[in-house]
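What follows is a set of notes on a single structure, which appears directly below.
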Amino acid sequence: MKEVIIIGAGPAGMTAAIYAADAGLTVRLIEKGMYGGQMTTTARIENYPGFTEIAGWDLSQRMFECVTASGVSLTTDNVLSLERSGSNYKVICQKNTYEATAVIIANGVTRRKLDIPGEKEFAGKGVSYCAVCDGNFFRGRDVAVIGGGNSALEDAAYLGGICRRVYLIHRRDKFRADDKYVRAIDSFDNIERVLSHVPIRIIGNETLTGIEVKDLKTDIKRSIPVSGIFAATGLISDNSAYSGVVDLTEEGYIVSDENCLTSAPGVFAAGDTRQKKLRQIVMACADGASAAKRALEYLNGV
Ligand code: NAP
């Protein structure tokens, strides 16, 4: 039996599953949480061809329907490590160990932490990394969003629609986000830009009551009273489970090219987890297709 294990059910993993199953491979798709990956934390997606606009959750759902239609079901487990085992690989997970000749790693990336006092204590109790998931808890209240990229501005616009006031705190005086996101927040009069400021401490006792920030131009510190803080400070990779088998870049991404080959024969990397310049859903899908085709060739000895 030609089996491939796919780790991660984001757009890369789901596409890989569809292509691999349609090519006749037996597919085990392992996901530790909910399918969809970063898509599920995005309110609106406006650059995925075929939809002028679609909610991230809806796109995840549609992709998963295609996975199911290809006959693939999810294995819910958390990957701890990957080991070579003769001509196969063992994927060692929290609940079980699975074995296959080919493995596609499509585990995506996670949100970068703020790394400031109070963050750990208030994580899930006022500090959030997903505005779409948690924004509703702060309806009608004052919140802060940290970051200046597409995610931060998208989060600020989403929260601007449901919260009383949104403080958009960014460490530079210019946003990194695309112009369309900057224009979008201009239309909100309840989004206050706090530029050239860094967060230094989260304030609260029993509950979160504010954030202390420092003006980088004057070094003056001040407190902003808020009930919720949304960190949107970028994405980081966590490939420690695979470091013994595949080469990683200094930043921890899997060394790979557009053919999704890694330094280990039979192990492929697809989507945000691999070294690349542009991380987009459409590119993750392209990687998924490519990785599945390469895995098929590998299993067929091509
Ligand atoms: P990002 O583009 O890397 O932006 C991260 C932001 O956080 C930057 O503004 C950065 O500041 C700031 N930052 C980083 N570390 C910080 C710290 N310790 N304290 C304070 N601020 C910090 O990340 P992202 O917005 O999550 O986007 C990630 C990728 O997904 C990007 O490629 C983005 O284009 C893509 N994305 C696409 C869409 C879309 O097309 N619909 C939507 C969302 C995200 P500096 O600017 O000073 O570095």
Side-chain angles (χ1 to χ4, degrees), residues 10-12 36-60 107-120 123 127-135 144-159 166-185 191 193-202 211-217 221 224 226 229-238 249 251-253 271-287:
Q38 295 287 322
M39 284 192 292
T40 57
T41 67
T42 307
R44 276 190 339 216
I45 293 162
E46 295 173 341
N47 53 10
Y48 187 77
F51 303 95
T52 48
E53 179 185 318
I54 183 164
W57 171 246
D58 288 343
L59 187 56
S60 307
N107 58 332
V109 285
T110 55
R111 290 265 179 122
R112 178 182 283 118
K113 303 282 185 289
L114 295 170
D115 214 10
I116 56 173
E119 180 178 28
K120 276 199 193 119
V127 174
S128 166
Y129 304 89
C130 176
V132 177
C133 320
D134 301 329
V145 174
I146 321 293
N150 285 346
S151 300
L153 271 70
E154 206 173 43
D155 287 357
Y158 176 74
L159 294 166
V166 178
Y167 297 93
L168 177 55
I169 300 165
H170 179 39
R171 62 186 179 186
R172 290 189 296 128
D173 56 8
K174 197 174 182 316
F175 291 119
R176 168 191 294 273
D178 298 343
D179 274 354
K180 73 170 180 178
Y181 292 104
V182 181
R183 284 197 303 274
I185 63 159
I191 298 179
R193 300 174 186 209
V194 184
L195 299 180
S196 305
H197 280 70
V198 284
I200 50 173
R201 184 171 68 95
I202 289 166
I211 184 162
E212 189 174 11
V213 293
K214 185 169 87 171
D215 187 331
L216 292 176
K217 291 187 174 162
K221 294 177 187 170
I224 303 176
V226 289
I229 295 166
F230 291 85
T233 45
L235 305 167
I236 52 164
S237 59
D238 180 9
T249 66
E251 299 81 33
Y253 293 102
D272 287 0
T273 193
R274 77 168 182 83
Q275 183 181 30
K276 54 165 63 195
K277 277 203 171 149
L278 186 60
R279 292 189 163 82
Q280 293 283 299
I281 299 168
V282 72
M283 306 202 60
C285 293
D287 273 6

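We count ligands from 1, going down the list as the structure has it; atoms in each ligand are counted the same way.
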Query raised in the report: Is the closest heavy-atom distance from Ile45 to ligand 1 below 4.0 Å?
Result: no
Query raised in the report: From Arg279 CZ over to Ser237 OG, what is the distance, rounded to the nearest 0.5 angstrom?
Result: 7.5 Å
Report summary line: Quick note on ligand 1: atoms under 4.0 Å from a heavy atom of Tyr181 include exactly 38 (C), 39 (C), 40 (O), 41 (N), 42 (C)
Query raised in the report: Looking only at heavy atoms of Val198, does any of them come nearer than 4.0 Å to an atom of ligand 1?
Result: no
Query raised in the report: atom 33 (C) of ligand 1: which protein heavy atom is closest, and how many Å away?
Result: Asn150 ND2, 3.8 Å
Query raised in the report: Does atom NZ of Lys113 have more than 12 heavy-atom neighbours from other groups under 6.0 Å away?
Result: yes
Query raised in the report: Which heavy atom of the protein is the closest neighbour of atom 23 (O) of ligand 1, given with residue, atom name and distance?
Result: Gly234 CA, 3.3 Å
Query raised in the report: Are Lys217 and Asp173 within salt-bridge range, i.e. N to O under 4.0 Å?
Result: yes
Report summary line: Quick look: Arg111 vs ligand 1, heavy-atom contacts under 4.0 Å, and the answer is neither
Query raised in the report: Which protein heavy atom lies closest to atom 14 (C) of ligand 1, and at what distance to 0.1 Å?
Result: Thr233 O, 3.2 Å
Query raised in the report: Which ligand 1 atoms are under 4.0 Å away from a heavy-atom of Ser151?
Result: 24 (P), 25 (O), 26 (O), 27 (O), 43 (C), 44 (C)
Query raised in the report: So is Arg176 polar-close to ligand 1, meaning N/O to N/O under 3.5 Å?
Result: yes
Report summary line: Closest heavy-atom approach to atom 46 (O) of ligand 1 among Arg172, Lys277, Lys180, Met283 is made by Arg172
**Report entry** Identity and distance of the protein heavy atom lying nearest atom 28 (C) of ligand 1
**Finding:** Leu235 CD1, 3.5 Å
Query raised in the report: Just wondering, more than 12 heavy atoms not from Arg44 lying within 6.0 Å of its CZ?
Result: no
Query raised in the report: Counting N and O atoms only, with roles assigned by atom type, does the side chain of Thr273 sit under 3.5 Å from a partner on the main chain of Asn107, one being a donor and the other an acceptor?
Result: no
Query raised in the report: Nearest to atom 13 (N) of ligand 1 by heavy atom, Arg171, Arg279, His197, Lys174: which?
Result: Arg171
Query raised in the report: When you measure from the side chain of Arg171 to the backbone N and O of Ser196, does any donor-acceptor pair fall under 3.5 Å?
Result: no
Query raised in the report: Which ligand 1 atoms does Gly147 reach within 4.0 Å, using its non-hydrogen atoms?
Result: 7 (O)
Report summary line: A student comparing Gly148, Ala152, Ala43, Ala177 should find that the heavy atom closest to atom 6 (C) of ligand 1 comes from Gly148
Query raised in the report: Do any N or O atoms from the side chain of Arg111 and from the backbone of Ala231 form a donor-acceptor pair under 3.5 angstrom?
Result: yes
Query raised in the report: Taking atom types as modelled and ignoring hydrogens, do the side chains of Asp272 and Gln38 form a donor-acceptor contact shorter than 3.5 angstrom?
Result: no
Report task. Say whether, by atom type as modelled, one donor and one acceptor occur between the side chain of Ser60 and the main chain of Gly56 under 3.5 angstrom. Result -> yes
Requested in this report: To the nearest 0.5 Å, tell me how far Leu114 CG sits from Ile229 CD1.
Outcome: 7.5 Å
Query - Part of Asn47 with heavy atoms under 4.0 Å of ligand 1, whether side chain, backbone, both or neither - result: side chain
Query raised in the report: Under the 4.0 Å line, does any protein heavy atom show up next to atom 10 (C) of ligand 1?
Result: yes
Query - contact_flag Gln280 ligand 1 heavy-atom lt 4.0 Å - result: yes
Query raised in the report: Does ligand 1 have an atom that lies less than 4.0 angstrom from a heavy atom of His170?
Result: yes
Query raised in the report: Are more than 12 heavy atoms from other residues, nucleotides or ligands located less than 6.0 Å from atom NZ of Lys221?
Result: no
